[in-house]
Amino acid sequence: MCTNSFLSSYAQVSWDWVIAQSHEVDWQPVARWTVDGENDKIWTSSGVQAGMDMALAWIGHVYQSYSSNGEDLGDTIARIEEYVRNRDPHNDPFARKTPKVT
């Protein structure tokens with residue numbers, strides 16, 4: 001058995017264990033970041049770089065009315081930081097569904 005197959009199997013077992021801990025949570029198997037809760041109060045990301053994208057999205061969401069030129073404030077910050085922003089929370093090139101282990 002190759003190492004990658006073993007790790008994929010382990011990842012699926014881990015994912016299954018996590019989602020079994022609470023059926024009240026809307027688990028997202030593939031998401032760079034996600035927003036939930038009343039009035040978009042809960043924001044969470046899938047990693048460090050995804051957290052940068054999430055933070056820029058949050059800034060744009062919360063401070064959208066402060067832009068004098070109509071530009072999204074998150075885009076302004078990303079441009080100043082020379083950061084290539086991923087604006088799509090569902091576009092996570094590092095997340096994938098692991099096949100079910102039988």
Side-chain angles (χ1 to χ4, degrees):
M1 172 184 260
C2 75
T3 304
N4 191 33
S5 295
F6 174 76
L7 292 175
S8 293
S9 298
Y10 181 75
Q12 182 62 49
V13 169
S14 296
W15 176 253
D16 290 344
W17 180 85
V18 167
I19 61 173
Q21 300 311 302
S22 177
H23 297 291
E24 295 179 23
V25 175
D26 183 16
W27 298 102
Q28 302 295 313
V30 178
R32 193 154 176 83
W33 74 89
T34 188
V35 180
D36 195 11
E38 188 176 317
N39 299 318
D40 299 333
K41 289 184 179 178
I42 301 169
W43 292 62
T44 187
S45 71
S46 62
V48 175
Q49 291 302 315
M52 289 285 293
D53 293 326
M54 180 196 69
L56 293 170
W58 181 84
I59 289 168
H61 176 76
V62 172
Y63 297 104
Q64 60 189 340
S65 63
Y66 291 96
S67 177
S68 60
N69 63 358
E71 183 180 27
D72 180 290
L73 185 56
D75 286 341
T76 302
I77 293 169
R79 186 172 31 78
I80 291 168
E81 291 179 344
E82 299 179 350
Y83 179 75
V84 179
R85 179 180 178 189
N86 181 348
R87 297 179 57 91
D88 182 359
H90 304 292
N91 178 14
D92 190 347
F94 304 103
R96 66 178 176 83
K97 286 189 175 184
T98 306
K100 278 278 191 196
V101 177
T102 56

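The figures here come from the full heavy-atom set of this structure, side chains too, leaving out hydrogens, waters and symmetry mates. Sequential numbering from 1 along the given sequence is applied to the chain's residues.
- Within the model, atoms CE of Met52 and CD1 of Ile77 stand 9.5 Å from one another, a figure rounded to the nearest 0.5 Å.
- The CH2 atom of Trp33 lies 13.5 Å from the CD atom of Gln28; values are rounded to the nearest 0.5 Å.
- Distance check: Arg79 CZ to Leu56 CG gives 12.0 Å after rounding to the nearest 0.5 Å.
- Every residue two or more places apart in sequence or in another chain was checked for a salt bridge (Lys or Arg N to Asp or Glu O under 4.0 Å) with Asp36, and none qualifies.
- In this pair, His61 and Trp43 present their aromatic rings tilted. The plane angle is within the 30 to 60° band.
- Evaluation of the side chain to side chain donor-acceptor pair (under 3.5 Å) rule for Asp75 yields Arg85, Arg87 as partners, not counting sequence neighbours.
- With respect to Arg32, the side chain to side chain donor-acceptor pair (under 3.5 Å) criterion is satisfied by exactly one of Asp53, Asn91, Asp88: Asp53.
- Asp92 and Ser46 get closest at one heavy-atom pair: OD2-OG, 3.0 Å.
- Linking ILVMFWY residues whenever their side-chain heavy atoms come closer than 4.5 Å, directly or via other members, places Ile19 and Trp17 in the same cluster.
- Thr76 OG1 to Ile80 CD1: the interatomic distance, rounded to the nearest 0.5 Å, is 6.5 Å.
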